[in-house]
Structures are given as C-alpha cells and as structure tokens.
2 protein chains.
Amino acid sequence: MVEPAPPSELHAHLGYWLRMVSNAVSRSFARKVESEGVTVAEWVFLRVLYDFERLAPSELADRMGMTRGAISKLADRLVSKGLVVRRANPRDKRAHTLTLVPSGRALVVRLAQLADRNDESFFGNLAIEEREQLGQLLRRIAAAHGLATMPID
Amino acid sequence: MVEPAPPSELHAHLGYWLRMVSNAVSRSFARKVESEGVTVAEWVFLRVLYDFERLAPSELADRMGMTRGAISKLADRLVSKGLVVRRANPRDKRAHTLTLVPSGRALVVRLAQLADRNDESFFGNLAIEEREQLGQLLRRIAAAHGLATMPID
DNA sequence: TATTGTTATACTCTATAACTATA
DNA sequence: TATAGTTATAGAGTATAACAATA
C-alpha cells in the first residue's frame with residue numbers, strides 16, 4: 001500500500017505560529033489580570049463598556065464578536081463582582097443597559113496598564129518598524145475578513 | 001473626583017489584534033476539520049504523531065506544550081475514534097506508547113490539505129514577502145519566549 | 001410574529017492535584 | 001522515593017437552542 005502525498009508540516013502554516021504566539025500572549029495576560037480578579041474576556045468587556053455611558057447587551061455582543069448568551073453570562077459575573085450594573089429600559093422593557101460603576105472604571109485603568117506591560121514584554125524587543133509591520137498585517141487580515149468593529153488605521 | 005490617566009485602547013495592543021486574527025483562523029479551521037470528526041488539538045496531536053513510529057504521552061505533552069493529563073484525555077478520544085493505539089511497554093510497565101493506525105495516517109493527509117486551504121484563505125491575499133515577514137516575526141517572538149519545540153527557520 | 005435578553009445544555013480546553021502502578 | 005500515566009475536579013470559552021417577556 002503506497003502512502004499518498006506527504007502531509008504539510010505544522011510549522012508550514014502561518015495559522016500554527018499565530019495560534020502559538022497568540023495563546024502565549026493571552027495566557028501571560030490572563031495571569032496578570034488574574035491578580036485583579038478578572039479574565040481576559042472580562043477585560044475586553046470592561047474596556048468596551050468604558051467608552052460608553054451605557055450599552056445594550058446586544059451591542060456589546062456585536063462589538064466583542066460574541067453571542068448574546070455569552071454576554072449574558074459575562075455580565076452576570078461582572079455584576080456579581082460589583083463592577084457593572086444592569087438596568088431595565090423603562091421605554092422598552094425588553095431592553096437592558098449595562099454600565100460601569102466607578103470602581104469598575106478605576107479597574108479598567110489598572111488593567112490597561114497590565115495590557116501595556118504585557119504587550120511590551122512580548123513585542124518590546126522588536127524594532128518600532130517591525131511592530132508597525134506586524135500590526136498592519138494583522139489589521140489588514142482582520143479587515144479582509146470583517147473581523148473588526150474597531151477602527152482600521 | 002478626578003479620573004486618572006485615560007486607559008490605553010484595546011486596539012493599541014498587538015496582543016489584541018493577534019488574538020482576534022488567531023481566534024478567527026482557528027475557528028475557521030475548527031469548522032473545516034469538524035467535517036473529518038476531529039478538533040484542532042486533535043489535528044496537532046495526530047500530525048506530531050505522524051512523524052514518529054511511536055511516541056510516549058510525556059513526549060507528546062512536551063512537543064505540544066500541554067500537560068500529561070490533557071494528553072491523556074486527548075489520547076482517550078483518539079483511541080475511541082480508532083485513529084490511535086495505546087500500548088504498554090513490556091520493559092517498563094509504567095511507560096506507554098502511542099501510535100497512529102493506517103486510517104489515522106490517511107486522515108492526517110486529508111487534514112493537512114484542510115490546513116493548507118485554511119491558511120490560503122486567510123493569508124492568500126498577502127504578498128509572498130508579506131507572508132514571509134509575518135512568519136519571521138512570529139517565529140522570532142516564539143523563539144524569544146521559548147515557545148517552540150519546532151524548528152525555527 | 002419578531003425581538004431582547006436570559007437560561008439550559010453540551011463540549012472543548014486548560015490547570016491543578018490526587019491517585020495507581022511501577023521502578 | 002521518584003516517575004509515568006491516568007483520573008478527578010473545576011473554571012472558562014464557545015455554540016446552539018429553548019424560553020419568557022415585551023413589542
């Protein structure tokens with residue numbers, strides 16, 4: 001029995017390296033924010049919310065690329081941690097809004113510093129132009145696949 | 001009450017873009033390999049095993065950057081799917097070995113094609129030099145943080 | 001009927017630690 | 001005692017679908 005064409009190797013795929021580095025960066029960041037009692041997904045949730053006075057769960061879901069169910073669960077945790085308040089909209093009683101409380105806002109500031117330090121520890125030894133290159137390539141791929149609700153350059 | 005320094009934005013961090021793109025690539029690949037009945041982690045497991053006649057679970061754990069417990073669970077699934085066989089070592093009865101069965105080897109070939117196509121769909125619209133740049137940057141970061149048991153260039 | 005949000009279910013991945021059997 | 005591997009537990013992320021309340 002003849003074996004068919006040899007399979008391409010793991011490290012022949014950019015997706016493989018992307019996943020390896022991304023997982024390491026996220027794991028490292030997860031350990032950092034754990035000291036503040038939150039997860040990476042919670043950080044993103046809080047940081048998005050920081051820019052708005054209040055946001056509907058469905059809007060957060062869109063901005064974070066998550067389902068409403070997932071947002072609901074995240075919101076539960078953050079409410080029970082006392083970082084976020086959930087309110088019903090009196091005009092349309094189906095609609096809710098989520099708002100950061102002051103201690104939540106203060107936490108975002110500390111978490112952002114951890115994010116800065118984490119990025120620095122992984123990408124700090126690249127030259128400025130290299131960091132710029134990497135960012136541009138990633139943003140282009142994200143844009144090409146409609147991943148971002150975030151500004152592209 | 002004065003608010004402290006404004007927190008850096010999500011998209012100011014390379015880690016953010018890395019995670020966004022990596023998650024999309026992995027999610028897309030997960031859907032592709034699902035048609036062959038396996039997960040992304042199972043693909044990596046199978047592909048590593050393909051290059052060896054047999055491998056100890058602990059060696060697989062080292063090569064995949066996972067714990068032995070995680071490997072044990074993965075191996076269970078792959079054995080029950082009939083892709084891998086687990087054998088005890090008669091010389092040292094503590095030691096086991098894992099081996100791909102022929103249908104498992106054939107599956108790896110098909111999965112590799114899916115990985116090729118997935119990579120192409122995400123990075124195919126980059127110029128050759130850009131793909132090379134991206135790969136080099138990722139491999140350098142991986143090497144700088146001791147992530148890879150894989151060849152670096 | 002359609003929409004907003006929540007809840008339930010299920011599975012993968014990850015990490016830690018306890019455990020079994022060998023050595 | 002140390003080692004190889006398995007098993008147990010628990011939390012987090014993800015996805016789908018059922019569900020309640022409201023429009």
Side-chain angles (χ1 to χ4, degrees), chain A residues 19-20 22-31 33-34 36-46 54-81 84-99 147, chain B residues 19-20 22-31 33-34 36-46 54-81 84-99 147:
Chain A
R19 179 169 164 271
M20 175 185 288
S22 173
N23 285 352
V25 173
S26 287
R27 198 153 39 223
S28 161
F29 185 51
R31 272 195 294 272
V33 298
E34 195 183 8
E36 295 282 1
V38 296
T39 67
V40 176
E42 288 171 358
W43 145 251
V44 176
F45 185 113
L46 295 171
R54 66 190 72 83
L55 218 48
S58 54
E59 282 189 84
L60 251 153
D62 290 345
R63 287 176 184 277
M64 292 182 64
M66 300 175 72
T67 63
R68 274 166 295 167
I71 291 294
S72 207
K73 213 163 54 167
L74 267 182
D76 280 348
R77 287 215 307 261
L78 293 169
V79 167
S80 78
K81 288 176 185 176
V84 166
V85 292
R86 190 175 354 215
R87 291 198 196 86
N89 180 337
R91 291 162 178 260
D92 180 344
K93 288 196 196 153
R94 290 174 309 181
H96 290 194
T97 65
L98 299 163
T99 306
L147 304 179
Chain B
R19 179 169 164 270
M20 176 184 289
S22 173
N23 284 352
V25 173
S26 287
R27 199 153 40 220
S28 160
F29 186 50
R31 272 194 294 271
V33 297
E34 196 183 10
E36 294 282 1
V38 297
T39 67
V40 176
E42 288 171 359
W43 146 249
V44 177
F45 184 114
L46 296 170
R54 65 189 73 81
L55 218 47
S58 53
E59 284 190 82
L60 251 153
D62 290 344
R63 287 174 184 277
M64 291 183 64
M66 298 176 72
T67 64
R68 274 166 296 168
I71 291 294
S72 207
K73 214 159 55 164
L74 265 183
D76 279 349
R77 286 214 307 259
L78 292 169
V79 167
S80 78
K81 288 176 185 177
V84 165
V85 291
R86 185 170 5 211
R87 291 199 196 84
N89 181 338
R91 292 162 178 259
D92 181 344
K93 288 196 196 154
R94 291 174 306 180
H96 290 192
T97 63
L98 299 163
T99 306
L147 303 180

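Just so we're clear, the structure is a prediction, and the values are computed from it rather than from any experiment. In what follows, chains carry the letters A, B, and so on, assigned in the order in which the sequence lines appear, proteins first and then strands, with residues in each chain numbered from 1.
Taking atom CG of A/L55 as the reference point, atom P of C/dG5 lies 10 Å away to the nearest angstrom. Going from atom CG of B/L78 over to atom C1' of D/dT6 covers 16 Å, rounded to whole Å. Rounded to a whole Å, the CE atom of B/M64 is 12 Å from the C1' atom of C/dT14. Per the geometry, CZ belonging to B/R87 stands 15 Å off P belonging to D/dG5, to the nearest Å. Atom-to-atom, CZ of B/R31 to C1' of D/dT14 comes out at 12 Å; the value is rounded to the nearest Å. The separation between B/D62 atom CG and D/dA4 atom C1' is 12 Å, rounded to whole Å. In this structure, the CZ atom of A/R77 is 16 Å from the C1' atom of C/dT7, given to the nearest Å. The separation between A/W43 atom CH2 and D/dA12 atom P is 19 Å, rounded to whole Å.
For the OP1/OP2 pair of C/dC13 and a distance below 4.0 Å, the side-chain nitrogens and oxygens of B/T39 include at least one atom meeting the criterion. Taking only side-chain nitrogens and oxygens, B/T67 never comes nearer than 4.0 Å to OP1 or OP2 of C/dT14. A close approach under 4.0 Å does not occur between any side-chain nitrogen or oxygen of B/S58 and OP1 or OP2 of D/dT3. For the pair B/R27 and D/dG13, the criterion of a side-chain N or O lying under 4.0 Å from OP1 or OP2 is not met. For the OP1/OP2 pair of C/dT7 and a distance below 4.0 Å, the side-chain nitrogens and oxygens of A/R68 include no atom meeting the criterion.
In this structure, of D/dT7, C/dG5, D/dT22, it is C/dG5 that holds the atom nearest to the side chain of A/A56. Here the nucleotide nearest the side chain of A/D76, chosen from D/dT14, C/dT7, D/dT6, is C/dT7. The A/K93 side chain lies nearest to D/dT22 when the options are D/dT6, D/dT22, D/dT14.
Side-chain contact between A/R68 and A/S58 is present, with heavy atoms from C-beta onward closer than 4.5 Å. Between A/R19 and B/V25, every side-chain heavy-atom pair lies at or beyond the 4.5 Å cut-off.
Residues B/T39 and B/V33 come closest through the heavy atom pair C-CG2, 4.0 Å.
Of the residues near DNA chain D, A/L74 and B/H96, the one whose nearest nucleotide (by heavy atom distance) lies more toward the 5' end is B/H96. Each of B/V40 and B/G69 lies near DNA chain C, and the nucleotide nearest B/V40 is the one positioned closer to the 5' end.
Using a 4.0 Å heavy-atom criterion, one finds that B/A30 contacts no nucleic acid atom at all. Among the atoms of the strands shown, only primed sugar atoms or phosphate atoms (P, OP1, OP2) are found under 4.0 Å from some heavy atom of A/R91.
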- Item | Step-by-step side-chain contact (heavy atoms from CB on, under 4.5 Å) determination, A/S72 to A/H96 | CA-CA 11 Å; A/S72 207; A/H96 290 194; over 6 Å; no

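Side-chain atoms of B/R94 come within donor-acceptor range of the base of D/dT3, with a qualifying N/O pair under 3.5 Å. Residue-to-nucleotide contacts include a donor-acceptor pair under 3.5 Å from the side chain of A/K73 to the base of D/dT14.
Heavy-atom neighbours of B/K81 NZ from other residues, nucleotides or ligands within 6.0 Å: above the threshold of 12.
Each of B/T97, B/T99, B/L78, B/D76 was compared with B/R86 under the side-chain contact (heavy atoms from CB on, under 4.5 Å) criterion, and only B/D76 meets it.
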